[in-house]
Amino acid sequence: MPILITADELAELAGVSSPRVLDVRWRLDRPDGRGEHRAGHVPGAVYVDLDHELAAHGVPTDGRHPLPAVEALQVSARSWGIDDDSTVVVYDDQGNLAAGRAWWLLTYAGVQDVRVLDGGLQAWTAAGRELATGGETAPAGSVTLAYGHLPVIGADEALDAAAEGSLLDARAPERYRGETEPIDPVAGHIPGALNTRREAISTPTAGSCRPSSCGSGSSRPVSTRPSPSRRTAAPASLRPTTSSR
């Protein structure tokens, strides 16, 4: 199943079926994207609140955006009109970083066909496609979700991933280096993590992300699972480092 869909492909798909399009616009300094959604969005796109629908809010040790309970995500997904056989297309206007979370979370929860709009909202308008204004609602869906459809690793295992493959940090370079930290309590990055040079993968044009621009390649695979032989070497806690790696 393809992950990306172009603006022209989405327009063609919308002409013959009813894909569920999700507007996941979110910014670190302005998380609520409802205003931008109402001002202009892909026709039929329903707004998704990343902070409250794609994340939970627990104790500080849970992290900033822990996963929502699958039952809560299912309620949200049904309100977006998603059925078990739906094709879902997600997008934002910030390099598809927020849309990428929606893609991963819905795929992890068992939605079979989730695609990211290549180039985001900018690619849609660059292709000469019109925007709709105002709010959008969808008929209630009936999707049934269950977590576990993609591999995951824990915090200690992330250290092993950094040593055995490529652990990618997709934040801005200055946050990766620990020079500034506008929201998290400690600046820096997981030891051994590679910065993806965020601007190289968030350019608002179609086809802008390639493995070589993300700090990985055929000789250095992206690791999603740690080496079992290294698990005992992982420390009990992860304190970010400000190394210049």
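The CG atom of Asp160 lies 8.5 Å from the CD1 atom of Ile153; values are rounded to the nearest 0.5 Å. Atoms CG and CG, from Leu150 and Leu106 in turn, are 10.5 Å apart once rounded to the nearest 0.5 Å. Taking CG of Asn96 as the start and CG of Leu4 as the end, the distance is 8.0 Å to the nearest 0.5 Å. Taken to the nearest 0.5 Å, the CG atom of Leu22 stands 12.0 Å off from the CG atom of Leu50. Here the CH2-CG distance, from Trp124 to Asp93, works out to 15.5 Å after rounding to the nearest 0.5 Å. Put simply, CD1 on Ile5 and CG on Leu13 are 5.0 Å apart, with the number rounded to the nearest 0.5 Å.
In this structure a side-chain-to-backbone donor-acceptor pair under 3.5 Å is missing from Glu53 to Val48. No donor-acceptor pair under 3.5 Å is formed between the side chain of Asp169 and the backbone N or O of Asn195. Counting only distance, with no hydrogens or angles, the side chain of Gln112 and the backbone of Gly110 share a donor-acceptor pair below 3.5 Å. Judged purely by atom type and a 3.5 angstrom limit, Ser17 has no side-chain atom pairing as donor or acceptor with the backbone of Ala14. Side-chain atoms of Asp118 never come within 3.5 Å of backbone atoms of Thr6 as a donor-acceptor pair (strictly under, hydrogens ignored).
Remark: Glu181 engages Arg171, Arg175, Ile183, Asp184, Ala187 in a side-chain contact (heavy atoms from CB on, under 4.5 Å) (not counting sequence neighbours). Every residue two or more places apart in sequence or in another chain was checked for a side-chain contact (heavy atoms from CB on, under 4.5 Å) with Thr137, and none qualifies. Residues forming a side-chain contact (heavy atoms from CB on, under 4.5 Å) with Ala56 (at least two apart in sequence, or on another chain): Pro66. Legend: residues meeting ring-ring contact (aromatic ring centres under 6.0 Å, His included) with Trp80, ordered by chain and number and at least two apart, are absent. Partners of Ala140 under the side-chain contact (heavy atoms from CB on, under 4.5 Å) rule, at least two apart in sequence or in another chain, do not exist in this structure. Not counting sequence neighbours, the partners of His37 by the ring-ring contact (aromatic ring centres under 6.0 Å, His included) test are His41, Tyr47.
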Open item on the list: Would Leu67 and Leu73 count as a side chain to side chain contact (heavy atoms under 4.5 Å, CB included) here? Give the steps.
Closed with: CA-CA 9 Å; Leu67 299 186; Leu73 180 63; over 6 Å; no
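Residue pairs meeting the salt bridge (charged side-chain N to carboxylate O under 4.0 Å, His left out) criterion with at least one member in residues 13-29, sequence neighbours excluded: Asp23-Arg25, Arg27-Asp29. Within the structure, salt bridge (charged side-chain N to carboxylate O under 4.0 Å, His left out) contacts touching residues 98-113 (residues at least two apart or in different chains) are Asp113-Arg115. Listed by first and then second residue, the side-chain hydrogen bond (donor to acceptor under 3.5 Å, both in side chains) pairs that reach into residues 139-149 are Asp83-Ser142, sequence neighbours excluded. Within the structure, the ring-ring contact (aromatic ring centres under 6.0 Å, His included) test picks out the following pairs touching residues 1-26 (sequence neighbours left out): Trp26-His65. Counting only residues at least two apart or on different chains, the ring-ring contact (aromatic ring centres under 6.0 Å, His included) pairs with a member in residues 86-106 are Trp104-Tyr108. For the salt bridge (charged side-chain N to carboxylate O under 4.0 Å, His left out) condition, the pairs that include at least one residue of residues 30-41, sequence neighbours left out, are Arg30-Glu36, Asp32-Arg34, Arg34-Asp49.
The same ILVMFWY cluster, assembled from side-chain heavy atoms under 4.5 Å apart, contains both Leu105 and Val46. Using a 4.5 Å cut-off between side-chain heavy atoms of Ile, Leu, Val, Met, Phe, Trp and Tyr, with links allowed through other members, Val21 and Leu121 fall into the same hydrophobic cluster.
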